[in-house]
Every structure is written in C-alpha cells, then in structure tokens.
Amino acid sequence: MARFELKLPKMGESVAEATITNWLKEVGDKIEADEAVLEIATDKVDSEVPSEVSGILVEQLFGKDDLVKVGQTIAIIQTEGDAPSAKSEETTVPAEVAEIEQTIEAAKDVVTAPQDFSGSDKFFSPLVKNIAKEEGISVAELESLAGSGKDGRVTKEDILKYIEDRKSGSVTPIPAVAAPKVAEPVAQPEPVAKVAPVQKSQQAVPVSVNGGDEIIEMDRMRKLISGYMTASVQTSAHVQSFIEVDVTNIVKWREKVKTAFEKREGEKLTFTPIMMEAVAKALKDFPGMNISVDGDYIIKKKNINLGMAAALPNGNLIVPVIKNADQLNLVGMAKAVNDLGNRAKAGKLKPDDTQGGTYTVTNVGTFGSVFGTPIINQPQVGILALGAIRKVPAVIETPEGDFIGIRQKMFLSHSYDHRVVDGALGGSFVKRVAEYLEAFDIDRDF
C-alpha cells in the first residue's frame with residue numbers, strides 16, 4: 001500500500017491559488033485514475049481537479065471554501081503498490097508563494113479577534129480576506145489600507161506589507177469597534193477618507209420580505225460579478241456613443257458562404273467573428289483605445305487581446321479572451337470564437353483563457369436588444385455592445401437619386417472611460433468599426 005499526495009496543479013502563469021468549492025469524493029470513496037475529486041475556482045473560472053492514480057481517498061486536507069496555493073497537497077489517496085512520483089512542475093511551490101507563506105508565518109505573533117468582512121462595502125479578494133482573518137486584522141484596518149491594485153483594491157502585497165509594518169511598530173493597528181464613534185478619527189490616506197462617505201451612502205436599503213417571497217443566496221460567481229460591476233462604475237466615468245450600421249452586405253455574404261464554410265472548416269460561421277475582425281482593425285487604427293489605467297499612469301498595450309462576453313447556462317457572465325486578435329484572419333477568428341464560446345458553456349475554460357484582455361465586445365443582440373450601455377471591464381477603458389440585426393426601411397442614395405429600400409441594420413453602443421478617453425477618440429473609434437463593417441466586400445473569399 002502507498003500514499004499518494006494529490007496537489008493543486010498549476011493552472012496558468014497568472015494563477016497562484018484557488019478556492020475549493022466542492023468535494024466530489026468523500027473520505028473512504030474509491031477513485032479511478034483521471035476521475036474528478038473536487039471542484040475549485042479562481043476569481044473567474046471554475047474547474048475540476050482529477051486524480052492521477054486509482055485508489056481510496058483517505059484524507060481531505062482542506063475543507064469547502066478554503067483557499068489553496070498551487071503545489072499544496074489537498075488530499076491523500078491510498079493506492080495499491082508504489083505511488084507514482086508527482087511531476088516537479090506540480091510539486092514545486094512557486095517562489096512568490098513560498099515568500100508569502102514565510103511572511104505570514106513571521107507575523108503570527110500579531111493576534112486580534114478574527115472579523116467577518118461580509119458587511120464591508122469594499123471589495124476584497126478571497127486571498128486578502130483569508131490572510132486578514134488568519135492574522136486577526138479587523139474590518140476597520142483592512143478598509144483603511146490604500147490599495148495599489150486595479151481600481152484601488154488591496155492586493156496581497158499591500159496586506160503583507162501592512163502586517164510587516166504592524167509587527168515592526170511603524171503603524172498602529174486600528175481597533176475593531178462595536179459601534180461607530182465620532183471622536184478620535186484615525187488618520188488615513190486621503191483617497192480613503194474621501195471615499196468613505198460615498199460608501200456609507202451606498203449601503204443597501206433593508207428589503208421587506210413576506211411569507212410568499214423566496215430568498216436565494218447569490219452563488220460565488222454572481223457575488224464576484226456584482227463586485228466587479230460596482231467597482232467599475234465607481235472607478236470609471238462611463239460615457240456612451242451610438243452609431244447605426246448598414247450590414248446588408250455582411251448578412252448576404254454570410255448567407256451565401258456559411259454552408260461551404262462549415263463544410264470546409266468544420267466550424268459554424270456566425271456574425272461575431274466578422275464583428276471582432278472589424279474591432280481588431282479599428283484598435284490598430286486607434287491604439288488610444290487599447291490601453292489601461294493604473295492610478296495616474298496610462299499603460300499602452302502592445303497586444304490586442306479581445307474579450308468576448310459570454311452568457312453561461314446558469315445566467316452568469318464570463319469574458320474569455322482572444323489573444324492577438326489582430327493577427328487572425330476570419331477563419332482563425334471564427335475558430336477562436338467558437339472554441340472559447342463552446343468551452344465557456346461547458347465549463348471547460350482554463351484560468352488563462354480569461355486573463356489579459358485589452359478591450360471587450362458583448363453581443364446584446366443575441367437576446368433581441370437593439371442597443372445597450374455596457375459596463376467597462378476593468379482595467380480596460382472601453383467596451384462595445386453589438387445590437388440585434390434588423391430589417392428596416394432606409395434611404396438609399398444612388399447616382400439616379402434617393403429611394404427607400406429594405407436594409408439590414410444594427411446599432412453599435414460604445415462605452416468608454418471619460419477619465420482618459422474623450423468624445424473625439426471614443427466616437428472616432430466606433431465610427432471606424434462601422435466603416436469597416438459597411439465596406440465589407442460581398443465577393444471576398446473566406
């Protein structure tokens with residue numbers, strides 16, 4: 001008999017930890033090789049962890065909702081014979097994670113009563129809340145920190161530095177209080193002091209519930225989406241520009257080639273890749289839209305990585321990313337769109353599939369909406385909504401004069417961050433997308 005250590009596998013370069021959302025196997029259950037043992041979640045993607053061996057689950061080292069670092073052992077499986085050695089890539093704890101663990105251990109002597117952060121109006125990642133609870137950091141202390149992450153969020157580096165400073169005595173811990181007090185205000189960084197009154201005014205109003213109402217707790221992803229959307233509205237000055245586009249040539253072309261396209265490429269041809277191709281071209285023409293904001297700095301992105309908002313079967317939303325979209329032809333774009341869309345619906349996206357986006361497109365027309373005002377996907381500065389394509393009467397200009405005809409038209413709705421994108425750039429960008437779509441060559445090959 002041998003004992004095999006099931007470790008949290010590496011899930012991508014940008015992912016260092018995950019939260020256990022559900023154990024699919026209990027202690028004493030028999031497990032086959034490649035059979036899923038538990039479900040985990042990063043901040044955006046849910047996935048399963050399979051067993052590399054067959055055997056009996058004899059120990060669960062973490063419980064539901066626990067945060068686990070990449071490379072940590074999460075379960076023990078008893079096997080027949082010698083247990084295979086795990087790959088070095090999976091067993092080696094990244095240097096960054098090891099440094100975090102050492103820092104946390106060094107601060108263990110700082111103890112305060114653990115706090116419940118669910119009542120805080122500010123958004124904190126599961127990792128930050130986990131560290132705060134372990135170190136006994138109060139809600140007031142955590143809310144007082146000036147975050148260096150996107151949207152001013154507190155990062156793990158911020159909280160670990162605070163723990164070190166508190167241990168050395170360079171900062172004084174803010175005690176948890178049972179009731180708000182006006183006297184003796186604690187000095188805080190100016191941005192936090194300015195935001196505090198707004199947060200208090202945005203507290204939810206109590207909702208009256210009667211016997212016939214049903215109360216349903218938000219799932220983990222919906223809570224995350226709620227936090228992201230609220231933070232985006234509080235961060236960016238949203239402005240919208242709308243433009244109507246004649247896509248008659250695109251509709252005719254797709255109808256003409258879709259059967260041959262599917263037969264040759266093995267992929268369905270939708271309107272989405274055609275739209276994404278136009279957006280990628282426009283971003284090359286207007287690189288000022290392919291940026292992000294970090295405090296007082298603007299970061300110009302080298303690569304054009306298009307996020308495409310996808311609705312999941314449970315009603316939640318996820319944004320997988322097409323990397324280097326400007327380098328793909330229409331066939332490549334169609335394959336990328338279909339692959340990400342299908343894997344999103346099946347819950348098979350990998351953590352890296354949702355990372356690195358520089359601009360986002362959402363197709364509100366899928367649900368019949370003519371246009372919409374989408375919320376920016378931070379830290380990006382723009383998002384384009386594609387409205388439904390409709391047959392409408394339109395004035396057609398010809399050398400012989402104007403006449404009324406039936407055309408296929410749609411609206412493009414462009415939301416952009418007015419902190420760094422003015423109307424001239426925001427309007428010119430969406431106009432360029434429209435120009436590419438209206439100039440679509442009906443005789444082109446695919």
Side-chain angles (χ1 to χ4, degrees), residues 238-258 261 268-290 304 306-310 322 325-326 328-330 333-334 337 341 358-377 380-398 402-416 421-444 446:
H238 282 63
V239 178
Q240 284 81 29
S241 291
F242 308 94
I243 191 166
E244 191 174 26
V245 190
D246 189 328
V247 293
T248 305
N249 285 350
I250 292 176
V251 173
K252 290 181 177 179
W253 179 82
R254 175 181 172 273
E255 188 63 30
K256 179 177 67 174
V257 306
K258 66 179 183 180
F261 185 94
K268 290 187 179 295
L269 178 62
T270 65
F271 290 110
T272 301
I274 302 173
M275 306 295 173
M276 300 292 262
E277 182 184 50
V279 172
K281 289 180 180 179
L283 286 172
K284 291 194 73 172
D285 297 340
F286 295 94
M289 287 304 311
N290 198 53
I304 295 176
L306 288 183
M308 48 174 252
I322 301 173
D326 58 313
L328 299 176
N329 59 17
L330 186 58
M333 188 72 80
V337 167
T358 61
Y359 188 88
T360 297
V361 178
T362 179
N363 190 354
V364 299
T366 301
F367 312 104
S369 296
V370 177
F371 56 80
T373 56
I375 297 175
I376 297 168
N377 188 14
Q380 300 167 23
V381 298
I383 180 171
L384 186 70
L386 309 175
I389 297 176
R390 304 166 300 136
K391 287 183 179 181
V392 297
V395 176
I396 302 174
E397 297 179 356
T398 70
D402 298 343
F403 66 92
I404 301 295
I406 302 300
R407 306 294 289 178
Q408 300 272 6
K409 290 196 172 187
M410 66 181 295
F411 281 98
L412 301 179
S413 309
H414 185 209
S415 294
Y416 48 95
V421 179
D422 293 327
L425 174 57
S428 297
F429 169 78
V430 71
K431 184 173 183 292
R432 183 61 54 85
V433 175
E435 290 170 350
Y436 279 128
L437 294 176
E438 292 187 337
F440 191 88
D441 184 3
I442 196 171
D443 297 318
R444 70 177 282 184
F446 54 84

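Values reported hereafter were calculated over all heavy atoms of this structure, with side chains retained and with hydrogens, waters and symmetry mates removed. Predicted, not measured: the structure shown is a model, and the values here were computed from it.
- Below 30°, between 30° and 60°, or above 60°: for Phe371 and Phe411 the angle between ring planes is above 60°, a perpendicular geometry.
- Shown here for Ser241 and Tyr416, the closest heavy-atom pair between the two residues is OG-OH, 3.0 Å.
- With contacts defined as side-chain heavy-atom distances shorter than 4.5 Å, the pair Ser413/Thr373 does not qualify.
- The CZ atom of Arg407 sits 12.0 Å away from the CD atom of Glu244 when rounded to the nearest 0.5 Å.
- For the side chain to side chain contact (heavy atoms under 4.5 Å, CB included) test with Phe271, the passing option among Leu437, Val247, Val251 is Val251; the others fail.
- The shortest heavy-atom contact between Lys256 and Ile442 is NZ-O, 3.0 Å.
- The distance from atom CD1 of Ile304 to atom CG of Asn290, rounded to the nearest 0.5 Å, is 5.0 Å.
- In this structure, the separation between OG1 on Thr360 and CG on Leu306 is 8.0 Å, given to the nearest 0.5 Å.
- A donor-acceptor pair under 3.5 Å is absent between the side-chain atoms of His238 and the main chain of Ser415, judged by distance alone.
- Residues satisfying the salt bridge (charged side-chain N to carboxylate O under 4.0 Å, His left out) test with Asp422, not counting sequence neighbours, are none.
- Put simply, the side chain of Trp253 reaches to within 4.5 Å of the side chain of Leu269, judged on heavy atoms.
- A 4.5 Å side-chain heavy-atom check between Leu330 and Arg444 finds at least one atom pair inside the cut-off.
- In this structure, Leu283 and Phe429 have side chains that are in contact, with non-hydrogen atoms separated by less than 4.5 Å.
- Among all heavy-atom pairs drawn from Met333 and Ala325, the shortest one is CE-O, 3.5 Å.
- Distance check: Leu386 CG to Ser369 OG gives 11.5 Å after rounding to the nearest 0.5 Å.
- Atoms NZ and CD, on Lys431 and Glu438 in that order, are 9.0 Å from each other to the nearest 0.5 Å.
- Between Ile404 and Pro393 the shortest heavy-atom distance is CG2-CB, 4.2 Å.
- Of all the heavy atoms in Ala334 and Phe261, the pair that sits closest is CB-CZ, 3.8 Å.
- Checked against a 6.0 Å centroid threshold, the rings of Tyr359 and Phe286 do not count as neighbours.
- Of all heavy-atom pairs spanning Glu277 and Asn329, the tightest one is OE2-C, 4.5 Å.
- Salt-bridge formation is detected for the pair Arg432/Glu435: a Lys NZ or Arg NE/NH1/NH2 atom is positioned less than 4.0 Å from an Asp or Glu carboxylate oxygen.
- Here the side chains of Val337 and Met308 are in contact, with some heavy-atom distance below 4.5 Å.
- We find the CD-CD1 distance between Gln240 and Ile383 to be 10.5 Å, quoted to the nearest 0.5 Å.
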